Trainee: 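I'd like to ask some things about the structure below.
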Amino acid sequence: MKDNLIALVGFMASGKSTVGAALASRLHRRFIDLDKYIEDIVQLPIPEIFQSQGEVGFRSIETRMLADVTATEQNIVLSTGGGIVTVEQNRALLSSAWRCVYLRAKPSTIQQRLEADGTPRPLLQSEDPSLRIRTLMADRTSWYEEVSDVTVDVDDLSVDDIADRIITLLHLV
Ligand SMILES: Nc1ncnc2c1ncn2[C@@H]1O[C@H](COP(=O)(O)OP(=O)(O)O)[C@@H](O)[C@H]1O
Ligand SMILES: O=C(O)C1=C[C@@H](OP(=O)(O)O)[C@@H](O)[C@H](O)C1
Ligand SMILES: [Mg+2]
């Protein structure tokens, strides 16, 4: 099972959705972005799910969808949302059933990428987004490390170079 299921984890705006699509295309595998998958099933954009059900409600949907994808899919690349590792059940499933790649980015890189990006992130709606990024990152870093088989430092790499690096690190060629 592990060879077939590749998941990208890491902080918001580290590049999981973008790199996941590029990696899947390189490997001729299907790509699933878990946030998009959730939006399609719930029929609401992520910020509206946060608004109506709160973070706890969103996490419970996310956990159910990760379990669904794990049980039903094969040969896919999955881009997760940055907070998936905050739930112990998700960490257990990612560790046991997936080959996980941690896209590690510095807070300064995250901030730069957010400035140029159109995807709204409800958890970063703050008077001091920079502090929020650092605090959330400090909370989550050890969990990204815990579930991952390999790590790629993405700060100075293009999307294609990151996909290349993943293919090499996971011995996919
Ligand atoms: N390696 C990269 N170099 C430059 N920009 C990138 C890179 N990876 C992603 N981006 C940009 O950063 C933003 C966030 O990427 P995204 O894939 O949505 O991250 P995530 O899914 O981890 O939140 C997007 O605007 C994307 O185009
Ligand atoms: O880190 C988080 O808690 C979240 C990350 C988002 O995905 P990206 O990591 O793709 O931005 C999305 O799942 C939601 O806004 C919550
Ligand atoms: Mg994403």
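Here the structure is a predicted model, which means the values were calculated and not measured. Every number for a ligand or one of its atoms is a count from 1 in the order of the listing.
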Trainee: Within less than 2.8 Å of the Mg ion (ligand 3), any N, O or S from Ser79?
Mentor: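 Coordinating: no.
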Trainee: What atoms of ligand 1 come closer than 4.0 angstrom to any heavy atom of Ile162?
Mentor: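 Near Ile162, meaning under 4.0 Å from one of its heavy atoms, ligand 1 has 1 (N).
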Trainee: Among all protein heavy atoms in this structure, tell me which lies nearest to atom 16 (C) of ligand 2, with the distance rounded to 0.1 Å.
Mentor: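 Answer, as residue, atom name and distance: Phe50 CZ, 3.9 Å.
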Trainee: Mark the output for Gly10 as yes if a heavy-atom distance to ligand 1 is under 4.0 Å, and as no if none is.
Mentor: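 No, Gly10 has no heavy atom closer than 4.0 Å to ligand 1.
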Trainee: My understanding is that we take every heavy atom of each candidate and find the minimum distance to atom 13 (O) of ligand 2. Doing that for Val9, Asp35, Thr18, which one comes out nearest?
Mentor: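 Answer by nearest heavy atom: Asp35.
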Trainee: Can you find an N or O of Gly81 that's nearer than 3.5 Å to an N or O of ligand 2?
Mentor: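 Among all N and O atoms of Gly81, none is under 3.5 Å from an N or O of ligand 2.
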Trainee: Only heavy atoms of Arg121, strictly under 4.0 Å: list the atoms of ligand 2 that pass.
Mentor: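 Those qualifying, in numeric order: 11 (O).
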Trainee: Pick, from Met12, Lys36, Arg113, the option with the minimum heavy-atom distance to atom 4 (C) of ligand 2.
Mentor: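 Comparing heavy atoms across Met12, Lys36, Arg113, the nearest one to atom 4 (C) of ligand 2 lies in Met12.
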Trainee: I'd like to check whether Gly15 has a polar contact with ligand 1, where a contact means an N/O of the residue lying under 3.5 Å from an N/O of the ligand.
Mentor: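 So ligand 1 has an N or O lying under 3.5 Å from an N or O of Gly15.
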Trainee: Should Glu55 be listed as contacting ligand 2, given a heavy-atom distance under 4.0 Å as the test?
Mentor: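 Heavy atoms of Glu55 never come under 4.0 Å of ligand 2.
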Trainee: Number the atoms of ligand 2 from 1 as they appear, then name those within less than 4.0 Å of a heavy atom of Leu123, with their elements.
Mentor: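 Numbered from 1, ligand 2 contributes 2 (C), 3 (O).
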Trainee: Using distance alone, determine whether Glu62 and ligand 2 share an N or O pair under 3.5 Å.
Mentor: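 No, Glu62 has no N/O under 3.5 Å of an N/O on ligand 2.
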Trainee: Indicate, as side chain, backbone, both or neither, the part of Leu157 found under 4.0 angstrom from ligand 1 when only non-hydrogen atoms are considered.
Mentor: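 The part of Leu157 near ligand 1 is the backbone, not the side chain.
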Trainee: Which atoms of ligand 2 sit under 4.0 Å from any heavy atom of Lys16?
Mentor: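 The atoms of ligand 2 under 4.0 Å from a heavy atom of Lys16 are 8 (P), 9 (O), 10 (O).
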Trainee: Given that the side chain starts at C-beta and the backbone is N, CA, C, O, which of these parts of Arg59 lies under 4.0 Å from ligand 2, counting heavy atoms, or is it both or neither?
Mentor: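 Under 4.0 Å from ligand 2, Arg59 contributes side-chain atoms alone.
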Trainee: Check each heavy atom of Ser158 against ligand 1 and say whether those closer than 4.0 Å belong to the side chain, the backbone, both or neither.
Mentor: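 Answer for Ser158: backbone.
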Trainee: Should Phe11 be counted as touching ligand 2, given the test is an N or O pair under 3.5 Å?
Mentor: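 Phe11 vs ligand 2: no N/O contact under 3.5 Å.
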Trainee: Could you check which of Ile38, Ile49, Ile46 puts a non-hydrogen atom nearest to atom 14 (C) of ligand 2?
Mentor: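 It is Ile46 that holds the nearest heavy atom.
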Trainee: So Ile76 and Trp98, side-chain contact (heavy atoms from CB on, under 4.5 Å) or not? Walk me through it.
Mentor: CA-CA 10 Å; Ile76 64 159; Trp98 294 80; 3.8 Å; yes
Trainee: Can you check whether Ala13 has an N/O within less than 3.5 Å of an N/O in ligand 1?
Mentor: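 Yes: some nitrogen or oxygen of Ala13 is under 3.5 Å from one in ligand 1.
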